[in-house]
Amino acid sequence: MFKSLTLGVALLWLFHSPQGAKKDTHSASLGDVQVTVTATRIASDQDIQRYRLHPRAGYYVVLVFLRVKNVARYPSCSDLDEWLQVKQGYEYPRSSGFKMKAPDASNVLPTEESSGEFAFEIKAGTEPASLKLVRNTIGEELCAMFQHRDTSVSGPESVSLSLVGLPANAEQSFAQQVQPPTRKAHPPAAAKQKIEVEEQQSNVIMMNDGFEYGVIDYGVGRIQVRNQGARNTTVPETRPRFHGPILPKPKELSDFTEQVFWVKFQITNKAEHLIGKPRYFPSVLNALRVTDNWGNVYSLRYPNAADVGGTWFGAELPIPVGSERREQYKPHESSSAVRLIPAEQLVAQVEELRIYLSHQSDYPKVYFKIEEPLSRQRDLLRSQADTKPDGLSVKVVTERKAPAGR
């Protein structure tokens with residue numbers, strides 16, 4: 001898998017050897033968050049199996065572990081792009097499609113933390129040097145505006161965090177902050193906490209914000225975004241008879257999106273007397289995290305201009321856009337929302353999709369499980385009636401940490 005054993009040993013020495021009196025920067029503030037690189041290593045054979053890595057010939061994978069903490073007074077608006085910088089001057093983007101648990105930088109509550117890891121596939125012969133993080137400043141400004149902040153998100157647009165002098169495992173970085181425990185102080189492997197799983201046939205989840213979130217329809221098909229016949233008309237093409245360029249006709253807008261996996265949600269304030277704001281959903285800026293039975297991770301997101309034909313001209317989703325930006329809900333008031341995953345992003349033979357509303361590290365962990373999602377071939381039309389709950393293959397799964405000693 002690697003070029004040679006010598007290359008692996010040399011790179012491990014680069015990561016973990018002392019660098020004299022030089023102090024390396026492993027932590028920095030970026031937007032709303034404080035980011036700390038806790039560990040890094042070359043992916044071993046065990047890592048390749050665990051994370052289902054598939055490096056190309058002539059490449060190897062570097063794993064980088066991070067801890068992200070919200071240091072702002074609001075739910076974090078930070079949206080970061082990750083790049084691995086190598087000693088030779090090249091930069092490699094974060095690799096996607098692997099079974100990794102990336103830390104959350106957006107929508108993290110004040111003072112809360114999120115941990116996870118990234119994988120970078122880099123060319124053999126190059127030497128990892130630092131992790132470059134770049135803010136999405138446009139998305140941050142929109143998020144801050146929706147939160148009615150007093151000030152905008154500030155700070156540098158990018159930072160580079162050194163990968164030199166870090167441990168190979170994230171657990172070791174925490175141990176370095178306190179007195180190293182003796183061997184007897186380590187808990188035995190059998191003491192790991194067990195997870196209890198409860199599954200029930202249901203399409204609604206009651207969250208701790210007082211709101212009920214429901215999957216009321218879904219399918220693999222197209223979403224009708226314009227009334228048929230309401231698309232723009234093109235001007236007949238005119239061509240010079242003997243000379244001059246031939247101009248292409250304007251692209252005709254479509255009444256439907258391309259093939260997508262779409263989900264229609266309903267959000268209801270279940271309080272008897274209190275006006276409330278949903279904490280978990282909907283937000284046009286933050287996508288919902290989705291995993292499949294293979295461990296792949298997807299983003300169930302709000303449709304964009306490319307989904308509706310490259311322009312919003314004449315387009316209107318089946319769900320009015322205004323309902324996505326509602327600040328408050330009266331008791332028992334509801335709204336709907338549509339989210340999608342482009343069909344080409346889904347891998348073959350997907351047996352189930354899990355849709356998470358809250359952070360993946362929260363417990364109890366509650367999520368929607370849709371069974372055989374690709375088998376439901378169904379378009380979403382403007383005047384389409386919702387399916388009855390018993391016609392949906394949706395379950396609600398709850399994972400809890402078992403009490404100690406059980």
Partner set under ring-ring contact (aromatic ring centres under 6.0 Å, His included) for Y92, not counting sequence neighbours: none
Contact check, side chains of N293 and V350, non-hydrogen atoms, under 4.5 Å: yes
Pairs involving residues 205-214, ordered by first then second residue, that meet side chain to side chain donor-acceptor pair (under 3.5 Å) (sequence neighbours left out): N208-Y280, D209-Y213
Backbone of V164 reached by a side-chain donor or acceptor of S162 within 3.5 Å: yes
Min side-chain heavy-atom separation E372-E352 under 4.5 Å: no
Heavy-atom side-chain contact between Y302 and L288 under 4.5 Å: no
Reported CG-to-CH2 distance for the pair D379 and W262, which is rounded to 0.5 angstrom: 8.5 Å
Donor-acceptor contact present, side-chain E199 to main-chain V396, <3.5 Å: no
Set of residues satisfying side-chain hydrogen bond (donor to acceptor under 3.5 Å, both in side chains) with respect to K277, sequence neighbours excluded: E327
Heavy-atom donor-acceptor pair, E272 side chain to P331 backbone, under 3.5 Å: no
Nearest non-hydrogen partners of R339 and A337, listed with the distance: NH1-CB, 4.0 Å
Listed partners of E157 passing side-chain contact (heavy atoms from CB on, under 4.5 Å), at least two apart: T137
Test log, rule side-chain contact (heavy atoms from CB on, under 4.5 Å), inputs K395 and S202: CA-CA 5 Å; K395 294 181 179 179; S202 177; over 6 Å; no
Ion pair E140/R135, N-O distance below 4.0 Å: yes
Set of ring-ring contact (aromatic ring centres under 6.0 Å, His included) partners for F118, sequence neighbours left out: none
Minimal non-hydrogen separation, G276 against N269, with atom names: N-ND2, 3.5 Å
Sequence-distant partners of S106, side-chain contact (heavy atoms from CB on, under 4.5 Å), two or more places apart: N286
Check: N70 side chain, Y74 main-chain N or O, donor-acceptor pair, under 3.5 Å: yes
Results of side-chain contact (heavy atoms from CB on, under 4.5 Å) for M145 - residues two or more places apart only: L142
Q85: side-chain hydrogen bond (donor to acceptor under 3.5 Å, both in side chains) partners, not counting sequence neighbours: E91, S130, S160
Working for side-chain contact (heavy atoms from CB on, under 4.5 Å), residues I42 and V61: CA-CA 6 Å; I42 301 167; V61 177; over 6 Å; no
Side chains of S44 and R50, donor plus acceptor under 3.5 Å: no
Inter-residue atom distance R67.CZ - S114.OG, 0.5 Å rounding: 11.0 Å
Set of residues satisfying side-chain contact (heavy atoms from CB on, under 4.5 Å) with respect to P389, sequence neighbours excluded: N203
From CA spacing to verdict: side-chain hydrogen bond (donor to acceptor under 3.5 Å, both in side chains), T387, R376: CA-CA 12 Å; T387 304; R376 184 175 171 81; 2.8 Å; yes
Passing option when P373 is tested against L353, V394, I355 for side chain to side chain contact (heavy atoms under 4.5 Å, CB included): L353
Partners meeting side-chain hydrogen bond (donor to acceptor under 3.5 Å, both in side chains) with Q34 (sequence neighbours left out): S27, S29
L163 to P128 - nearest heavy-atom pair and separation: CD1-CB, 4.3 Å
Any V397 side-chain heavy atom under 4.5 Å of R354 side chain: no
Close side-chain approach of Y367 and I205, heavy atoms under 4.5 Å: no
R400/E196 ion pair, N-O < 4.0 Å: no
Heavy-atom side-chain contact between Y218 and V215 under 4.5 Å: yes
Note, M207 side chain near L357 side chain (heavy atom, < 4.5 Å): yes
K101 bridged to E117 by N-O distance under 4.0 Å: no
Evaluation steps, side-chain contact (heavy atoms from CB on, under 4.5 Å), between R41 and F65: CA-CA 9 Å; R41 65 174 179 265; F65 299 80; 3.5 Å; yes
Smallest separation among heavy atoms of S76 and A105, with atom names: OG-O, 2.7 Å
Trace of the side-chain contact (heavy atoms from CB on, under 4.5 Å) decision for T291 with N296: CA-CA 5 Å; T291 62; N296 299 303; over 6 Å; no
Crowding at CD, Q200 (>12 non-hydrogen neighbours, <6.0 Å): yes
Flag, side chain of Q147 to backbone of A144, donor-acceptor distance under 3.5 Å: no
Distance (rounded to the nearest 0.5 Å) between S95 OG and L63 CG: 10.0 Å
side-chain hydrogen bond (donor to acceptor under 3.5 Å, both in side chains) partners of R301, counting only residues at least two apart: D307
Ring geometry between Y329 and F211 (parallel below 30°, tilted from 30 to 60°, perpendicular above 60°): perpendicular
Closest approach of A39 to L166 (non-hydrogen atoms, all atoms of both residues): CA-CB, 4.3 Å
Closest contact, heavy atoms only, L340 versus P303: CD2-CG, 3.6 Å
Whether T257 side chain and I223 backbone form a donor-acceptor pair below 3.5 Å: yes
Distance, nearest 0.5 Å, that separates CZ of F281 from OG of S358: 13.5 Å
Nearest-0.5 Å distance, CD1 of residue I122 to OH of residue Y60: 3.5 Å
For D217, the option from R378, K264, Q266 that meets side chain to side chain donor-acceptor pair (under 3.5 Å): R378
Gap separating the CG atom of N107 from the CD atom of E112, nearest 0.5 angstrom: 10.0 Å
CD (Q377) with more than 12 external heavy atoms under 6.0 Å: yes
Pairs touching residues 73-83 that satisfy salt bridge (charged side-chain N to carboxylate O under 4.0 Å, His left out), sequence neighbours left out: R73-D150, E82-R94
Heavy-atom side-chain contact between Y298 and D292 under 4.5 Å: yes
